[in-house]
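This report concerns only the one structure given below.
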Amino acid sequence: SNGFGGFQEEQIVVRVPNALAQAGIPLQANSMIDKVVEIPVWLEAWSGQRGANVTYHMSNDAALREVTSLSHEKNKV
């Protein structure tokens, strides 16, 4: 949720290890375009001339999973 009752789309670059790329993860990802997916990642924090940042890396034991339902804040108790 974007805090105003709607949803916001965000695109993040995730680095894929060579072993997963050769195993076909890019093809699996292409089959999930326009879907909500869960991708296991780990973060690498670093700082540079423009300040702090993070790089997202796909976990080596990763499996892409389509998210079939989203919980909405209005359903929370």
Side-chain angles (χ1 to χ4, degrees):
S1 172
N2 66 4
F4 298 102
F7 287 90
Q8 177 177 325
E9 184 175 309
E10 186 173 347
Q11 188 176 44
I12 298 172
V13 174
V14 178
R15 291 185 173 199
V16 178
N18 193 34
L20 289 177
Q22 291 178 356
I25 286 290
L27 293 174
Q28 185 181 5
N30 283 338
S31 73
M32 296 181 163
I33 290 176
D34 292 330
K35 296 180 181 177
V36 177
V37 296
E38 180 180 86
I39 303 171
V41 298
W42 59 274
L43 302 177
E44 175 184 15
W46 51 276
S47 70
Q49 292 179 342
R50 296 183 180 175
N53 210 335
V54 295
T55 301
Y56 295 85
H57 298 270
M58 190 168 189
S59 297
N60 283 325
D61 56 347
L64 300 178
R65 184 177 73 86
E66 184 176 354
V67 177
T68 56
S69 65
L70 298 173
S71 62
H72 300 289
E73 289 188 7
K74 66 181 180 181
N75 293 335
K76 290 184 180 179
V77 177

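In this chain, numbering begins with 1 at the start of the sequence shown. Since the model is a prediction, treat every value here as computed from it, not as a measurement.
- Every pair passing side chain to side chain donor-acceptor pair (under 3.5 Å) that includes a residue from residues 44-54 is listed here, sequence neighbours excluded: Glu44-His57, Trp46-Thr55.
- Residue pairs meeting the ring-ring contact (aromatic ring centres under 6.0 Å, His included) criterion with at least one member in residues 8-34, sequence neighbours excluded, do not occur.
- By the 4.5 Å heavy-atom criterion applied to side chains, Arg65 and Val37 are not counted as neighbours.
- Note: Glu66 CD to Gln28 CD = 10.5 Å, rounded to the nearest 0.5 Å.
- Across all their heavy atoms, Glu38 and Pro40 have their closest contact at O-CD, 4.0 Å.
- Side-chain heavy atoms closer than 4.5 Å link hydrophobic residues (I, L, V, M, F, W, Y) into clusters, and following such links, possibly through other members, connects Leu43 to Met58.
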**OP:** Could you walk me through whether Met32 and Leu64 pass side-chain contact (heavy atoms from CB on, under 4.5 Å), step by step?
**Re:** CA-CA 9 Å; Met32 296 181 163; Leu64 300 178; 4.0 Å; yes
For residues 11-25, run the donor-acceptor check on the side chains, cut-off 3.5 Å, and write out each pair with its distance to 0.1 Å, sequence neighbours left out.
none

